[in-house]
Number of protein chains: 2
Amino acid sequence: MTRPTTRVLALLEILQTGAAFTVGELARRLGVDERTVRRYVGHLADLGVPVESRRGRYGGYRLAPGYRLPPLMLTDDEAVALALGLVAGERTGLTAGEGVAAEGAAAKLRRVLPAALARRVDSLLATVELTAPRRTAPPTGLAAVADLAESARARHPVTIGYTSWQGRVSERRLDPYGLVFHAGRWYVTGFDHDRAAVRTFRVDRITAVAAGTGTFEIPEGFEPTATVLAGLAAVPWKYEVSVVLRTSLAEARHRIPPSVGTLTELPDGVRLVTRAEHLDGAAQMLAGLGWPFRIEHPTELAAEVCALADRLRANAT
Amino acid sequence: MTRPTTRVLALLEILQTGAAFTVGELARRLGVDERTVRRYVGHLADLGVPVESRRGRYGGYRLAPGYRLPPLMLTDDEAVALALGLVAGERTGLTAGEGVAAEGAAAKLRRVLPAALARRVDSLLATVELTAPRRTAPPTGLAAVADLAESARARHPVTIGYTSWQGRVSERRLDPYGLVFHAGRWYVTGFDHDRAAVRTFRVDRITAVAAGTGTFEIPEGFEPTATVLAGLAAVPWKYEVSVVLRTSLAEARHRIPPSVGTLTELPDGVRLVTRAEHLDGAAQMLAGLGWPFRIEHPTELAAEVCALADRLRANAT
DNA sequence: CTCAACCGGGCGGGAACTGTCCGGTATTCA
DNA sequence: TGAATACCGGACAGTTCCCGCCCGGTTGAG
């Protein structure tokens with residue numbers, strides 16, 4: 001009965017009696033220091049055990065008494081939606097990384113469901129298969145995501161520790177404008193005080209988030225998604241490509257994700273503006289779309305398209 | 001969630017679901033070695049938690065009924081995972097259709113959370129933006145999905161009302177083998193007694209599910225996902241297209257989703273077998289991939305590729 | 001306003017936790 | 001009867017992180 005893990009469980013057992021205990025009392029019973037009891041209580045709280053504390057005279061710890069969780073009477077559909085949501089979150093990478101959190105949530109959820117419904121949900125999870133590719137992105141601490149979201153909404157600046165692309169560690173003061181989830185990764189975009197410009201950061205590269213004081217304003221019309229995508233697309237590119245596609249805007253939207261480039265409606269078609277490092281990639285994209293097009297610039301792209309046409313012809317014979 | 005004490009509690013919580021688990025399963029969930037799981041079980045036993053074990057095949061650990069952990073609350077991360085899961089489910093279409101269910105679940109969830117956590121989750125939902133395209137699929141009753149899953153797991157046949165492709169209504173006796181979610185839609189695949197063959201049905205076209213009696217066996221090695229995808233690819237097609245791509249299998253896998261066609265490794269490349277109704281689409285696809293290729297059949301595809309090459313050339317000048 | 005409680009940071013020494021390897025045993029199924 | 005699958009638990013070395021002891025706060029009752 002002397003191992004720490006055992007003692008934490010013992011503490012839980014003591015508290016289960018329902019009465020309130022002072023730290024001193026608990027420390028005496030467990031045979032450890034008072035400070036340690038506080039740490040144990042912290043562990044229990046971390047796990048979601050609803051232990052309440054009352055400060056001041058006659059204070060003490062006790063388990064939240066009437067936390068009868070009466071509630072959370074979920075309907076069939078709601079329970080199913082939650083369970084599937086967890087699966088979806090994991091698959092898309094939205095909640096990935098903190099896999100344990102999703103597991104815990106599922107377990108707790110299951111426990112509050114009536115037996116029949118729980119069985120239903122189990123069956124569903126056991127049976128279902130998804131065709132969507134499993135995202136394997138670097139795990140992101142959801143806590144950081146939530147922290148940043150909170151600061152963003154409250155318009156409070158934050159200080160973040162960031163490990164840059166090349167592995168350099170730095171500390172930045174940031175006004176978080178928005179959080180964007182793209183291709184399995186979380187990004188935060190906002191005003192970087194040190195660089196004095198709007199910058200985008202990968203949340204999984206952020207090591208610490210500390211809420212700052214003061215407030216800021218988000219510029220009128222700021223679009224987090226567009227900013228992040230632009231930042232990503234901007235990595236290395238040599239050519240700005242502009243072509244007019246002979247199709248409707250709706251059709252184009254349907255086939256071309258916004259991360260590829262921006263679409264503008266014209267009288268005679270749709271202008272697609274995008275960036276490329278190699279023009280053969282752009283030529284392939286045009287060929288794959290299948291609509292007639294007109295190249296605005298760069299003029300070298302025309303040669304590249306002809307070269308592609310030649311290659312196709314050569315392959316076909 | 002990495003501290004040992006916390007993990008022991010997590011173990012207790014997993015066992016609390018009432019089901020039996022093997023050491024391997026528990027180790028995976030907790031992210032520790034199997035030996036360590038045994039140690040944890042020992043700790044629980046030390047404390048008087050009635051953990052039962054069954055050795056041999058189909059053995060595992062389970063909690064003796066009657067042991068109750070105090071009601072747990074969701075931790076920060078778990079609440080966030082649930083909230084994001086709902087968003088993910090809606091976005092991917094997994095839980096779509098029953099939008100009301102997801103909303104209800106979110107509302108109830110929110111009410112159960114402590115105020116501070118609720119605020120955090122609100123911030124998150126208000127701030128987050130996703131770049132993934134919003135799926136707009138026909139709403140599917142999640143109840144039907146859950147019903148089918150339950151029958152599939154219990155190996156009970158069902159009788160379904162089905163509105164076919166052309167709008168004809170029929171009633172089918174089905175042995176549900178598996179449920180697959182693909183491209184925003186739910187499918188159930190299984191043995192259709194009336195057609196005496198394995199068939200796939202869109203769940204949103206199913207009007208009623210009635211559990212039948214008796215049981216069935218799922219054929220050895222049956223793969224629901226593969227079956228559904230094959231069924232979909234088969235819809236209306238005139239040509240079977242077979243081409244050899246000069247690239248590696250890994251590269252090809254990376255660019256070509258399994259729903260497009262099947263890939264086979266060859267000494268000099270990768271064979272892609274797919275089906276098409278119109279050959280120009282196939283030609284465009286080849287052009288868009290950008291790898292050198294050789295057409296095996298149909299021979300008309302060569303002409304189509306040349307035509308595409310001509311069109312490209314015409315556009316480029 | 002003062003006592004009694006909780007709160008939580010920092011620090012140094014050392015207990016104990018982890019993964020690994022291994023030879024066992026029990027149970028089921030072919 | 002034998003193979004496969006589980007649980008069982010000892011030994012050991014490396015390293016973590018846990019503990020006790022400081023401390024100066026804050027909160028609430030009387």
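Protein chains get the first letters and strands the later ones, always in sequence-line order, with residue 1 at the start of each. This one's a predicted model, so the numbers in the text were calculated from it and none came from an experiment.
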| message | With a 3.5 Å cut-off and heavy atoms only, can you find an N or O donor on one side and an acceptor on the other between the side chain of A:R39 and the base of D:dG20? | response |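 Indeed, a donor on one side and an acceptor on the other fall under 3.5 Å apart.
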What is the distance from [atom1] of [X] to [atom2] of [N], rounded to the nearest Å?
| X | N | atom1 | atom2 | result |
| --- | --- | --- | --- | --- |
| B:E52 | C:dA26 | CD | P | 18 Å |
| B:R35 | C:dG23 | CZ | C1' | 13 Å |
| A:E34 | D:dG20 | CD | P | 11 Å |
| A:F21 | C:dA5 | CZ | C1' | 16 Å |
| B:D33 | C:dC22 | CG | P | 14 Å |
| A:R38 | C:dG10 | CZ | C1' | 15 Å |
| B:R28 | D:dA6 | CZ | C1' | 17 Å |
| A:L26 | C:dA4 | CG | P | 19 Å |

Can you check whether A:S123's main-chain N or O pairs, donor with acceptor, with A:T127's side chain at less than 3.5 Å?
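Checked: pair present.
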Is any side-chain nitrogen or oxygen of [X] closer than 4.0 Å to OP1 or OP2 of [N]?
| X | N | result |
| --- | --- | --- |
| A:T36 | D:dG20 | yes |
| B:R7 | C:dT18 | yes |
| A:Y40 | D:dG20 | no |
| A:T22 | C:dA5 | no |

Report task. Could you check whether the rings of A:Y40 and A:H43 sit parallel, tilted or perpendicular, using 30° and 60° as the cut-offs? Result ->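 Because their plane-to-plane angle lies in the 30° to 60° range, the rings of A:Y40 and A:H43 count as tilted.
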Determine, using ring centers only, whether B:Y177 and B:F222 are less than 6.0 Å apart.
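For B:F222 and B:Y177, the ring centres are under 6.0 Å apart.
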message = Please determine whether the number of non-hydrogen atoms from other residues, nucleotides or ligands lying under 6.0 Å from atom CD of B:E52 exceeds 12.
response =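 Enclosed: over 12 neighbouring heavy atoms sit under 6.0 Å from CD of B:E52.
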Contact string for nucleotides 25-30 of chain D, one letter per nucleotide 5' to 3', B = base within protein heavy-atom range under 4.0 Å, S = sugar-phosphate only, - = neither, reads BBBSSS
B:L82 side chain near A:L86 side chain, heavy-atom distance below 4.5 Å:
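Side-chain contact under 4.5 Å: yes.
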| message | So A:Y187 and A:F201, do their side chains get closer than 4.5 Å, heavy atoms only? | response |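 Not touching, per the 4.5 Å side-chain cut-off.
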message: Taking side-chain hydrogen bond (donor to acceptor under 3.5 Å, both in side chains) as the definition, give me every residue that meets it alongside A:R172, ordered by chain and number, with sequence neighbours left out.
response: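 By the side-chain hydrogen bond (donor to acceptor under 3.5 Å, both in side chains) rule, A:R172 matches A:S170, A:D192.
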_Pick the closest DNA chain C nucleotide for A:G24 and for A:T5 by heavy atoms, then say which residue is nearer the 5' end._
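Counting from the 5' end, the first nearest nucleotide belongs to A:G24.
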